[in-house]
2 protein chains.
Amino acid sequence: MSLFSKTCEYALRAVFYIASKTADGSKVGIKEIARNVNSPEHFLGKILQDLSRKGILDSAKGPNGGFFLHPKSLKRPIADIVSAVDGDNVFTGCALGLAHCSERNPCPLHHEFKKIRNNIAKMLTATTIGQFNKELTLGKILLKEV
Amino acid sequence: MSLFSKTCEYALRAVFYIASKTADGSKVGIKEIARNVNSPEHFLGKILQDLSRKGILDSAKGPNGGFFLHPKSLKRPIADIVSAVDGDNVFTGCALGLAHCSERNPCPLHHEFKKIRNNIAKMLTATTIGQFNKELTLGKILLKEV
DNA sequence: ATAATAAAAGATATTTTTGTCTTTATTTTT
DNA sequence: AAAAATAAAGACAAAAATATCTTTTATTAT
Ligand code: FES
Ligand code: FES
């Protein structure tokens, strides 16, 4: 498996893209986003609509409309996106799928897994949505295969 | 999401259970396994048949038959189970779902994620199937909710 | 006002994952 | 040889995730 659902992967790639394209206050359309993060347009549309409802990004209809991020939003951790899309399983779930990860009734992998899960959480809360804008603009990092 | 598919979670829990019950050379039936790792019997049956075909565990039909593990198998890393069931995405996959995680064309999360993925791989190759037998027998760790 | 643009929403479809039920094959015990 | 036990296999079903297509609503520009 992967750390994130496919939906969440799309969401993260798209939000990174939007961040790097709208830091100057402009907007970007779903077609362009979908093309540049290599995701199905309408499916991604729903994902972004959902994130918009949840206040993670903003959108405007009509000509010159599109999705965009307020400067303030660029400071948010990507953990916000992950939990909005995938819930909190990645932050609190048991490695072996037990209903409640617990210190008192641990599964065999609990003690080792706990550390890994903490590292994941640390990474997701420490990295912000806007943190890669420069590198993305420079093409030093990518959101889709070349 | 979770680190492993549900199928893989069932597999790991079941193999741990089988390990702890057959270290003495006896065998254990699918009904008992399913009950003790809280998984759907027939579904788990297929999973174990598959692992059996792949040589990770063994089985015997007929009265007093069941699933069991050779002492040698107890030394194998649980990474073998994970890759047999879920493939190698957890060991090599990109955090953002790009087709090829790459050092030359990294995604935004690559550098941080690489470390985490290495820790996961390290844990999965370092822990063996039989390593928890004693604790399981003592009830200090669990394979299903109490 | 009208037309054009773009997101939002709705309906439907496909694929993958997860789960159930039934039958068959193999082995052991009697 | 017959009966019982047990895994293996096959067919089918339900649920969840992923994807597509169409219609509606809001906004802007003319
Ligand atoms: S109980 Fe399984 S990871 Fe904590
Ligand atoms: S390219 Fe994404 S994790 Fe390596």
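Protein chains get the first letters and strands the later ones, always in sequence-line order, with residue 1 at the start of each. What you see below is based on every heavy atom in this structure, not just the backbone, and it leaves out hydrogens, waters and symmetry mates.
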To the nearest angstrom, the NZ-P distance between Lys6(B) and dA17(D) comes to 10 Å
Distance-only donor-acceptor check, side chains Asn133(B) and Ser20(B), under 3.5 Å = no
When rounded to whole Å, the CG to C1' distance for the pair Leu51(A) and dA8(C) reads 14 Å
Is Thr7(B) near enough to dT18(C) that one of its side-chain N or O atoms lies under 4.0 angstrom from OP1 or OP2?
-> yes
Whole-Å distance separating the NZ atom of Lys61(A) from the P atom of dT27(D) | 7 Å
Any residue of residues 28-49 of chain A with a heavy atom less than 4.0 Å from an atom of DNA chain D = Pro40(A), His42(A), Phe43(A)
Evaluate the side-chain proximity of Leu3(B) to Val82(B): yes if any heavy-atom separation is below 4.5 Å, no if none is.
-> no
Inter-residue atom distance Asp80(B).CG - Ile56(B).CD1, 0.5 Å rounding = 5.5 Å
In terms of the nearest nucleotide of DNA chain D, which residue is placed more toward the 5' end: Ala60(B) or Ser5(A)?
-> Ala60(B)
Keeping the roles fixed (side chain from Arg117(B), backbone from Val90(B)), state whether a donor-acceptor pair exists under 3.5 Å.
-> no
Find the partner of dT30(C): check Watson-Crick (N1-N3 plus N6-O4 or O6-N4) and G-U wobble (N1-O2, O6-N3) distances, both under 3.5 Å, and reply none if neither fits.
-> dA1(D)
Please state how far atom CG in Asp58(A) lies from atom C1' in dA26(D), giving the value in whole angstrom units.
-> 15 Å
Which sits closer to the 5' end of DNA chain C, Tyr10(B) or Asn64(B), going by the nucleotide each is nearest to?
-> Tyr10(B)
Give Phe68(B) one of three labels, base, sugar-phosphate or nothing, depending on what nucleic acid heavy atoms sit under 4.0 Å from its own.
-> nothing
On DNA chain C, nearest-nucleotide positions of Arg53(A) versus Gly62(A): which is more 5'?
-> Gly62(A)
Considering only NZ, NE, NH1 and NH2 on the basic side and carboxylate oxygens on the acidic side, decide whether Lys46(A) and Asp50(A) come within less than 4.0 Å.
-> no
Heavy-atom side-chain proximity of Phe67(B) to Ile30(B) below 4.5 angstrom = yes
Is the shortest side-chain N/O distance from Ser59(A) to OP1 or OP2 of dA8(C) below 4.0 Å?
-> yes
When rounded to whole Å, the CZ to P distance for the pair Arg13(B) and dT18(C) reads 12 Å
Under-4.0 Å salt bridge between Arg35(A) and Glu41(A) = no
Rounded to the nearest angstrom, tell me the gap between atom NZ in Lys27(B) and atom P in dA8(D).
-> 12 Å
